[in-house]
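Naming: A, B, ... by sequence-line order, numbering from 1 per chain. Being a predicted model, the structure only gives us computed values, none of them experimental.
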Amino acid sequence: MAAALVNVPAKAKRGAVIEIKTLMSHVMETGYRHTAAGEVVPRDIITSFICRFNGTEIFRADLFPAIAANPFLSFFTTASESGRFEFEWIGDNGFVANATASITVE
Amino acid sequence: MDSMFAPSHLSRRHLLQLGTLAAAGALPLITVRPAQATPAMLASAIRNLVGEANIKVGKIRLDIPPLVENGNTVPMTVSVDHPMTPESYVKSIHVFNEKNPQPNVASFHLSPAAGRAQVATRIRLADTQKVVAIAKLSDGSFWSATVDIIVTLAACTEEMP
């Protein structure tokens with residue numbers, strides 16, 4: 001159900017600064033909206049995003065209801081060696097999603 | 001019984017009426033907690049982050065379109081003009097707003113390996129308001145940038161179908 005879209009360059013020169021883009025499909029229900037009957041729609045958001053490279057955390061984001069639906073994140077890292085990026089999204093109601101991407105550094 | 005209690009009943013009613021009038025006079029307005037964050041909440045959220053430290057203006061750049069048609073998804077890029085070396089780097093970037101229900105928007109934690117202190121995402125804005133970004137550097141200093149944004153269609157207000 002959880003669909004992640006991750007964009008990492010497949011190849012990079014050693015020392016190059018590369019951009020990583022991620023998109024996770026999620027409603028990001030704020031918890032501040034009401035139904036027509038006046039009931040509050042319970043909050044259901046992704047609260048944190050973590051990116052690890054070869055097991056080491058390189059980027060982390062704490063998200064709040066002010067993040068738009070289907071949270072998009074773009075950030076940078078220096079390509080130091082070939083390896084694997086691991087992405088993790090954690091949210092309300094036990095939401096967990098993962099994705100990986102590999103990079104070859106020359 | 002009735003005749004015995006009648007006078008006291010009358011006076012009680014009078015007392016109640018007097019009491020209501022007095023109460024109405026003493027409390028002309030009952031303050032209702034606003035459904036949105038206030039500039040005071042924004043200030044306290046920032047204080048929570050920086051503590052007693054001084055916040056300098058500059059170094060950080062907050063790119064958001066100044067006029068937003070749809071507050072439900074607003075592209076935002078925040079970048080810090082600072083080198084990313086193990087000795088001196090941007091530790092974290094925090095984004096706050098003035099009038100959403102909650103003052104926090106997002107916090108980003110970076111490492112020296114980032115190469116460039118720049119993060120982009122999409123945010124929600126419930127009203128025409130101020131957005132503040134604060135960068136924390138590895139030397140403990142804080143830098144800020146503020147942007148005023150006009151929102152024509154607010155987020156969060158629509159009802160569920």
Chemist: Is it possible for you to say whether A:Val105 and A:Val6 belong to one hydrophobic cluster, with membership spreading through side-chain heavy-atom contacts below 4.5 Å?
Modeler: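 Same cluster.
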Chemist: Grouping I, L, V, M, F, W and Y whenever their side-chain heavy atoms are under 4.5 Å apart, do B:Val68 and B:Ile150 come out in a common cluster?
Modeler: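 Different clusters: B:Val68 never reaches B:Ile150 through Ile, Leu, Val, Met, Phe, Trp or Tyr contacts under 4.5 Å.
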Chemist: Going by the side-chain contact (heavy atoms from CB on, under 4.5 Å) test, name the single residue among A:Phe59, A:Phe49, A:Phe75 that passes it with B:Phe108.
Modeler: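 Exactly one pass, corresponding to A:Phe59.
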Chemist: Would you give the length of the straight line joining atom CG of B:Leu110 to atom CZ of A:Phe76, rounded to the nearest 0.5 angstrom?
Modeler: 11.5 Å
Chemist: Is A:Glu106 atom CD crowded by more than 12 heavy atoms from other residues, nucleotides or ligands, each under 6.0 Å away?
Modeler: yes
Chemist: If you take all heavy atoms of B:Ser111 and A:Ile58, which pair is closest and at what distance?
Modeler: OG-O, 3.5 Å
Chemist: So, applying side-chain contact (heavy atoms from CB on, under 4.5 Å) with A:Phe64, which one of B:Val95, B:Ile123, B:Asn104 is it?
Modeler: B:Asn104
Chemist: By a 4.5 Å heavy-atom criterion (distance strictly below it), what part of A:Ala69 contacts chain B: side chain, backbone, both, or neither?
Modeler: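 Interface part for A:Ala69: both.
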Chemist: Tell me the closest heavy-atom pair linking B:Arg122 and A:Leu23, and the distance in Å.
Modeler: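 Smallest interatomic distance, heavy atoms only, reads NH1-CD1, 4.0 Å.
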Chemist: So which heavy atom on A:Thr77 is nearest to which on B:Ala113, and how close?
Modeler: OG1-O, 3.3 Å
Chemist: Side-chain heavy atoms nearer than 4.5 Å, only ILVMFWY residues, links allowed to pass through others: does that put B:Val119 and B:Val147 together?
Modeler: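 Yes, one cluster joins them.
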Chemist: Is there a side-chain contact between B:Arg124 and A:Met28 in this structure, where contact means two heavy atoms from C-beta onward sitting under 4.5 Å apart?
Modeler: yes
Chemist: If we ignore angles and hydrogens, is there a donor and acceptor under 3.5 Å between the side chains of B:His109 and A:Asp62?
Modeler: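 A:Asp62 and B:His109 do have a side-chain donor-acceptor pair below 3.5 Å.
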Chemist: If you count every heavy atom of other residues, nucleotides or ligands that lies below 6.0 Å from A:Arg84 atom CZ, does the total exceed 12?
Modeler: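 Counting other residues, nucleotides and ligands, CZ of A:Arg84 stays at 12 neighbours or fewer.
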Chemist: Do B:Ile60 and B:Leu137 land in one hydrophobic cluster if side-chain heavy atoms of ILVMFWY residues count as linked below 4.5 Å?
Modeler: yes
Chemist: With a 4.5 angstrom heavy-atom cut-off, could you sort out which part of A:Ile18 is near chain B: side chain, backbone, both or neither?
Modeler: neither
Chemist: Can A:Phe95 be reached from A:Leu63 by stepping across I, L, V, M, F, W or Y side chains whose heavy atoms are under 4.5 Å apart?
Modeler: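 In one cluster with A:Leu63: A:Phe95, yes.
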